[in-house]
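Nothing here was measured: the structure is a model prediction, and the numbers come from that model.
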Amino acid sequence: MHPAVAVGLVFSGCCSNVVFLELLARKFPGCGNIVTFAQFLLIAIEGFIFQAQFGRKRPAIPLRYYVTMVAMFFTVSVVNNYALNLNISMPLHMIFRSGSLIANMILGIIILNKRYSSSKYLSIVLVSMGIFICTLMSAKQVATYSTSSKDEGFEAFLWWLLGIAALTFALLLSARMGIFQETLYKEYGKHSKEALFYNHALPLPGFLLLAPDIYNHAVMFSQSEMFTLPLLGIQMPIMWFYLLMNVITQYVCIRGVFILTTECPSLTVTLVVTLRKFLSLIFSILYFNNPFTTWHWIGTLLVFVGTLLYTEVWNSIQAASSKYRKETKKD
């Protein structure tokens, strides 16, 4: 498949996925478990059919390693979803998770004894400053929520602090999972599609622990207002429609990223994913009228400039420009 098609899948799938997630979260802030379960179930079914070939194909990487990876992956997904129920706004949620570069670099230094160039460390400073600014501004907004008493305002702030702690934990654990995957791929080779299947199939029994919450939200979804599907004329509860679209767009998003990893260099993949996050953030702010101050914009700019600096986009642009000038002089 042409890389341009993969880029289109990433932007269309991932950006629209954020929209449907926020439509769900605004109506039912605690619906993260049913959303995650639906996403995992669809990807697991697709992987069981096409990747595992109905269980006939043995995994290239030993299953015990996937169990460890899945435990981390499942925990990160659940904790990130619960954070939305702890006074964490969607823009802050997205910006905070953009700090994965910081977490990966810190754990890479500690665990793998890696060393980086000065530009990489500068990018970490920029991203850290951006996240700190956005976090601080959101803290002030939480503190000024309209409540009937100071105690209620203080309680809201404590819940917000718990949400920040949850996001921090998920960020570090996600980075640790990335390092774990990196060591596995070095030893057994890259099997990203296989990993995608097992990361979504093995955690499914764990959702039994969340069954009451999933069932309650399924009932609430069924009681939502009816929606008529365009062209088909079929009616269904609107929350189920949002969930269906969220699952489909999540699948398109993940497939697009997978195609990019096989067709493009890692720098291109990182740049596309970064730009996708930025566009999703802008759309979320403008479409849903989320509170976003000038300081939020400054913080966001620092986060994404730092991310681009980390991927050495500037060096690539200069190299391409220099190559173009040399070719032009020859002509």
Side-chain angles (χ1 to χ4, degrees), residues 36 61-62 64-83 86 88 92-135 161-192 194-196 198-200 202-203 206 254 257-258 260-261 265-267 269-274 276-277 299-300 302-313:
T36 304
I61 298 176
R64 64 180 182 275
Y65 293 121
Y66 279 123
V67 172
T68 302
M69 193 187 306
V70 160
M72 292 188 282
F73 184 73
F74 181 77
T75 303
V76 169
S77 298
V78 172
V79 171
N80 274 325
N81 284 329
Y82 268 119
L86 298 172
I88 299 296
L92 178 59
H93 191 275
M94 295 167 64
I95 293 170
F96 209 96
R97 292 178 69 178
S98 296
S100 56
L101 289 175
I102 307 171
N104 274 287
M105 181 174 279
I106 292 174
L107 292 187
I109 294 172
I110 296 174
I111 298 174
L112 301 178
N113 295 319
K114 287 188 174 182
R115 293 297 179 265
Y116 301 95
S117 64
S118 57
S119 64
K120 292 286 195 295
Y121 290 114
L122 176 60
S123 71
I124 282 206
V125 172
L126 292 175
V127 174
S128 300
M129 288 175 58
I131 291 178
F132 174 77
I133 291 172
C134 291
T135 303
L161 284 179
L162 183 60
I164 293 296
L167 287 177
T168 303
F169 171 77
L171 193 66
L172 292 174
L173 186 59
S174 178
R176 182 64 184 90
M177 182 180 69
I179 292 176
F180 183 69
Q181 286 178 315
E182 183 179 338
T183 56
L184 283 182
Y185 289 157
K186 283 182 178 179
E187 184 174 354
Y188 296 98
K190 291 186 177 182
H191 303 279
S192 53
E194 177 184 286
L196 179 66
Y198 283 104
N199 277 343
H200 288 81
L202 293 180
I254 291 178
V257 172
F258 171 74
L260 273 182
T261 59
S266 59
L267 176 62
V269 177
T270 306
L271 178 59
V272 170
V273 173
T274 301
R276 190 277 302 172
K277 289 179 180 179
T300 302
L302 289 174
V303 167
F304 287 98
V305 168
T307 303
L308 294 176
L309 182 62
Y310 181 89
T311 59
E312 298 181 350
V313 171

Kindly indicate, with the supporting measurements, whether the criterion side-chain contact (heavy atoms from CB on, under 4.5 Å) is fulfilled by Met69 and Leu202. CA-CA 10 Å; Met69 193 187 306; Leu202 293 180; over 6 Å; no
Apply side-chain contact (heavy atoms from CB on, under 4.5 Å) to the pair Val303 and Leu126, showing each step before the final yes or no. CA-CA 6 Å; Val303 167; Leu126 292 175; over 6 Å; no
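The CG atom of Leu167 sits 8.5 Å away from the CG atom of Leu86 when rounded to the nearest 0.5 Å. Residue Asn80 holds its CG atom at 10.5 Å from CZ of Phe169, rounded to the nearest 0.5 Å. A distance of 14.5 Å separates CD1 in Ile106 from CZ in Arg176, rounded to the nearest 0.5 Å. To the nearest 0.5 Å, atoms OG (Ser174) and CD1 (Ile179) are separated by 10.5 Å. From His191, atom NE2 reaches atom CG of Leu184 across 10.0 Å, with rounding to the nearest 0.5 Å. For the atom pair Ile109 CD1 and Tyr121 OH, the distance stands at 4.0 Å (nearest 0.5 Å).
Here Tyr65 pairs with nothing under the side chain to side chain donor-acceptor pair (under 3.5 Å) rule; sequence neighbours left out.
For Tyr198 against Pro203, the heavy-atom pair with the smallest separation is O-CD, 3.8 Å. The two residues Ala83 and Gly163 have their closest heavy-atom pair at CB-O, 4.2 Å. Between Ala170 and Val79, the closest heavy-atom pair is CB-CG1, 4.0 Å. Counting all heavy atoms, side chain and backbone alike, Leu107 lies closest to Ala175 at CD1-CB, 3.7 Å.
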